[in-house]
Amino acid sequence: MTVQLTPQNNLSGDPKKAAQGFGRRATSAPPHFQLATELRDALSYFETHGFVVVKEALASAELETLNAFFDHSQQAHPDQWGLGARRKPHHRNQGLILSQPLLDHPELDQWLRHPGVFPLIEAALGGTDAVRWSEFNFRETPANAGQGQMNFHHDAVMADRLIRAPYGPCDWVCSIHYLTDVNDETPSFCVVPGSQRFETLRDAYETLGDAYAETPIYGPAGTAVIYDTAIYHTRLDGNGEASRRTWHQYYARGGFTQSALPQTNRYIRPPSPPLTDWNLIPKRLAEHTDPGLRLFFSHWNTAQGEWVARNYDPAFRAAMPRGEVTQ
Ligand SMILES: [Fe+2]
């Protein structure tokens, strides 16, 4: 990928500059893959770059359904979205977020393993039996949200990612579906391709050299981005006026898998740990009659363990951050 240096480039040693990127933007867009016919190529691209873009991951009727859910739930449950008078700290600088819609909306279960991206999720995490659910939420940057200036960061990582061999399958994967059109005027997801095995963004910048490129992901509604949570990424704000809606789902790797560390022949990677200490799984999914779905929902955090022991007590949930009970 070719890159150009822009005036924002700064290597002064100021860690804040590094955290907000080096201003070296990609000059070409990454490829968009059609999963139905290009799964193998898409997986290969993901394994090399730590992300991949999938085109037409959602059909127009599905986009209508999900956008209608946004409209309806924002009207019916403004506090769950952070739209009410009780705007919460974890919503600041993130726009709006409906953190745990699965708890109250069984109609969303149909989206959990959506065929538009799920074959790639399975391949990235090591096969059908290796995918575990971690998180599902909806987010919106409303119109005129201004400039949030999110820093480049990675999400959850395991320290062994820097030295294990083979690297894959990765520890967690996230899918972001664009539910509205995304371009340079709207907020957009932005990645540094190939940065998933660096301790800092500066390490990636200095080691990748000419290959270092801060790469915005644009695309029409229905486009999906699948990324390894270890890759450096951020949200660009666009013009601060246009809005954007997205659906985010995180998945973890389950089971035990063989790898190796330097000077160690045998190294067994256990299942990835819980992604958060607050995401809850409703009873209908945690105790589903389908053993495959139970396995999919088998990564419980400590909050889930206590909630199950309390027989899914709504009062326990209501006392948690992001646990607001729908009326
Ligand atoms: Fe992130």
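In each ligand, atom 1 is the first atom listed, and ligand 1 is the first ligand listed.
Taking the side chain to side chain donor-acceptor pair (under 3.5 Å) definition, one finds that Asp203 meets it with Thr200, sequence neighbours left out.
The side chain to side chain donor-acceptor pair (under 3.5 Å) contacts involving residues 273-295 comprise Asp109-Arg284, Glu135-Asn279, Thr276-Asn279, Glu287-Tyr312, where partners must be two or more places apart or lie in separate chains. Here ring pair (Phe, Tyr, Trp, His ring centres under 6.0 Å) pairs that include residues 159-191, with residues two or more places apart or in two chains, are His177-Trp247, Phe189-Tyr227, Phe189-His233.
Salt-bridge annotation for Arg245 and Asp71: present, with a side-chain N of the basic residue lying under 4.0 Å from a carboxylate O of the acidic one.
One side chain, Thr128 or Glu122, offers a donor N or O that lies under 3.5 Å from an acceptor on the other.
Taking the centre of each ring, Tyr232 and Phe152 stay at or above the 6.0 Å mark.
Neighbouring protein atoms of the Fe ion (ligand 1) (N, O or S, distance under 2.8 Å, waters ignored): His153 NE2, Asp155 OD1, His233 NE2.
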